[in-house]
Amino acid sequence: MCSIDLLIRNTRENSLKYWLLSILLTGIVQFALGQELHFSDKNAVAIPWVTVVNTNQNLKLISNKNGVVSTSQFKDGDRLIALAFGYNTDTLVYSSGLSTWTLQVKNHQLGEAVVTAQYDSIDSRKSLNKVRVIDGTEMAARGAITLDDVLKNEINFRVGNDFVLGSSLSIQGVGGEGVLIMVDGVPVVGRLDGNIDLSQINVSQVERVEIVEGPLSVNYGSNAIGGTINIITKAPKTNSKAVSIDTYTESTGHFNGSANVELGWKKQSVKLGFGRNYFDGWTEGDDPFYHQRSNIADSSRAQTWNPKTQYFGDFKFRQIVDKGFIELFGSYFDEEIINRGTPRGVYGETAFDDYYRTRRIDGGLRGQKEFSRDWNGRVVFGYNKFIRNKDTYLTDLTGVESELSADPGLIDTSEVSAYMSRGSMIKQWNPTIQAEFGYDLRFEKATGKRIGADDEIGDYALFATATWKIHPLVSVKPGIRKSYNTRYDAPWVPSLNALYTPFENIQVRASYAMGFRAPSIKELDFDFVDINHNIQGNEDLEAETSQNLALSVKSTAAKFGWELTGYYNDIENLITLAQISGTEYSYVNIGQRRTTGANASITSSVKWADVKLSFATNGVQNKLSNGDFSPLTFSPEVAFQTSVKLFDTGCTLHAYYKYNGKRKSIFIGEDETLSEQYVDAFSNLDLSVSRKLWKDKVYLLVGAKNIFDVTSLNSTVSGGAHQGGGEFLVANGISYFATLKFNFNL
């Protein structure tokens, strides 16, 4: 700039020279502008990767990420066609004075934005991974309080319940350690009997839930063998000041409340949230409006569903930096479950009461920045601590006084501490190739009476993926991951995804992915020996591995859509408990499981209603203790959901129905050998009506859950150490609920 100013000042001494120089500079600028064509929308926002077809010269060009394409090969009079995803196709005749081309957004419903396994937030229709999204609006309509409420009516999902261990989940026939659950990309730790308790994950501050069925081990490592659930929480907004309050009451004894405060300035924003969930317990036979009395001294004090109290809080602080952000986050969770025992003694004057307390402390730092036009980076550091206490008290029912049991076998504390960091750099090589290079570090330490001394495990991995648009209609995404683990030999993990869009609203996805599941610290170091048990861990365990194939075809038309999906999953080195000698049992790699299935869905959206109907069949085949495969048994599922606007009342009717067919699962029996159980079929129906009030500042929802009043199911064997009598818990009877949400901008 200084040299240009000096040149201009010198030319001012001669008006003729100045006049000639001005003409020359103007010509240069006009020539330069003539060499570039800029694509933008009506708001002057650049549109990236526009395909430009020159029909006169049979020439095709693609604009860069800033919506710019060179026109050096164009001639006046050439007929050009512009094609961009999400915009109307446009045609014009080129002239040398053309520098800007404005495209119009298509008038149809846009797809959801997803981030799981992506380089950046992207329209779900462009994702090479098949990602299912349940947004906050949908969760509110379901009256969802915790994650199990969100997932119980989803196709290909089975939610189980235990009155002590909480809610468990299986996806496409794979559950327990094979399902990875994350909050904003940070894995949730603290598994009980291999499962993360879904009822401990509150969704009051959740923006959406993203689900990928099948392995995502290249991106997220161990446990992402059957499926990945990424819970995306609400981020604080700049230039915003708001307060929200949620209340929830259910006739079976649920009383919940939460509040959230958001303060945002130009570059800083903060969000604080806290709440309490309370449940007074429920017993088979209680009417929908029964509430448990306190200080009960008879047999009714022992309940099928135990009383539970949860307290939770979280915060986020975000600082906007040049082309990026830095975010500090943290949360705290405290739960107490009371398992009251039946009266004992000659006169029934005492009882043993178990108190289970769980605490979760999570925190970390994440950041994202654009370093240049072609390089972007992101990183997250996370810390998780899980503490589980079990205390047994001998309660005097005559005076309702308790004292801690003197039996050390009835008292236990287990802790898990986990540190993680994941970071990556994303490179845009050219308009058709984008790549990601990253690392994933995890360190976990566990203590507990049945684990012995402090035990720890470290997993340190590098991974890389690339998206290559090999044709305007075809993209592929290969990936590879290699880990070093301190306790076992970690395998190389490859994956390959492909997306084919033969028509505007049709996406065909095919994928191959290898998954792996690391042995847990319990499986490596468990030490449980008493008069009835002798179960030992195995330090020589290998990781479970899986081979997964999937194919899906989806139509995303606004008013009528459909989807067909099929999958096959073969898990080897399944870690199971087996008899070693005499009464001694240990975890070994002898199991194998195959799951296969298909599902279809139809969606329709019109002005007054949204409808979705889904069908699925999931088959499971297990290798039993004798080395033989069980027959492949399929379990059908049917799901229906709709939201219908009720004329001009401003009310919306919501219905959620799911049929869960008879299913087979694998479990460890009382003799500690690998066996199978069959659980009967059942149906669930939830109905509700919602209405927005006071200029959308208030949201009211009333309804009924579990209308068919299904409480437990028969199974061919015991459902687990905490479920006897051949029953499998489903829900605590039919109930009626109301939720009221307030949202105010300050």
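Values below: all heavy atoms of this structure, side chains included; hydrogens, waters and symmetry mates excluded.
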Tell me every residue that passes salt bridge (charged side-chain N to carboxylate O under 4.0 Å, His left out) with [X], counting only those two or more places apart in sequence or in another chain.
X    : value
K554 : none
R517 : E523, E544
E436 : R378
R318 : E327

Any luck finding a side-chain donor-acceptor pair between [X] and [Y] under 3.5 Å?
X    : Y    : answer
S552 : Y567 : no
S127 : Q118 : yes
N599 : N156 : yes

message: Can you confirm whether N239 is buried at CG, in the sense that more than 12 heavy atoms of other residues, nucleotides or ligands lie under 6.0 Å from that atom?
response: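 Enclosed: over 12 neighbouring heavy atoms sit under 6.0 Å from CG of N239.
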- prompt: Does NZ belonging to K482 count more than 12 external heavy atoms closer than 6.0 Å?
  reply: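 Yes, because the 6.0 Å sphere around NZ of K482 holds more than 12 heavy atoms from other groups.
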- Determine, step by step, whether Q428 and Y119 satisfy the side chain to side chain donor-acceptor pair (under 3.5 Å) criterion, reporting the C-alpha distance in whole Å, the side-chain angles of both residues, the deciding distance to 0.1 Å, and the verdict. CA-CA 10 Å; Q428 184 72 53; Y119 299 149; over 6 Å; no
Pairing residues for [X] by the side chain to side chain contact (heavy atoms under 4.5 Å, CB included) criterion, not counting sequence neighbours:
X    : result
L441 : Y439, Y460
D540 : N538
K234 : Q205, E207, K271
V553 : I506, V508, W562

Measuring from [X]:[atom1] to [Y]:[atom2], what's the distance to the nearest 0.5 Å?
X    : Y    : atom1 : atom2 : result
S605 : F560 : OG    : CZ    : 12.0 Å
I181 : I201 : CD1   : CD1   : 5.0 Å
N548 : S495 : CG    : OG    : 10.5 Å

*How would you list all residue pairs meeting ring pair (Phe, Tyr, Trp, His ring centres under 6.0 Å) that involve residues 361-386, not counting sequence neighbours?*
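Matches after skipping sequence neighbours: Y383-Y419.
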Short N-O contact, D440 and R422, less than 4.0 angstrom: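 Yes.
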E210 with R132: basic N within carboxylate O range, under 4.0 Å: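 Salt bridge between E210 and R132, a charged N being under 4.0 Å from a carboxylate O: no.
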Table please: side-chain donor-acceptor pairs of residues 468-476 below 3.5 Å, with sequence neighbours left out.
residue : atom : partner : partner atom : Å
H471    : ND1  : L473    : N            : 3.0

ask   = Pairs in or reaching into residues 171-189: which pass salt bridge (charged side-chain N to carboxylate O under 4.0 Å, His left out), with residues at least two apart or in two chains?
value =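 Output for this query lists E177-R191, D184-K316.
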Note to self: I'd like to know whether N195 forms a side chain to side chain donor-acceptor pair (under 3.5 Å) with S168, so could you lay out the CA-CA distance, the side-chain angles of the two residues, the decisive distance to 0.1 Å, and finally the verdict.
What the structure shows: CA-CA 6 Å; N195 296 290; S168 59; 4.5 Å; no
- Query: Hey, does the side chain of D455 reach the backbone of I521 with a donor-acceptor pair shorter than 3.5 angstrom?
  - Reply: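 Judged by distance alone, no pair lies under 3.5 Å.
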request  = Using modelled atom types only, decide if a donor and an acceptor are shared between the side chain of S421 and the backbone of V380 within a distance under 3.5 Å.
outcome  =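 At least one qualifying donor-acceptor pair exists.
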Less than 6.0 angstrom from the centroid, inside 45 degrees of the normal: does K237 satisfy that with respect to the ring of F325?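 Here K237 fails the 6.0 Å and 45° test against F325.
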Run the side chain to side chain donor-acceptor pair (under 3.5 Å) check on E262 and S240 step by step: do they pass? CA-CA 7 Å; E262 180 179 86; S240 172; 2.9 Å; yes
Listed partners of N219 passing side-chain hydrogen bond (donor to acceptor under 3.5 Å, both in side chains), at least two apart: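 Residues passing side-chain hydrogen bond (donor to acceptor under 3.5 Å, both in side chains) with N219: none at all.
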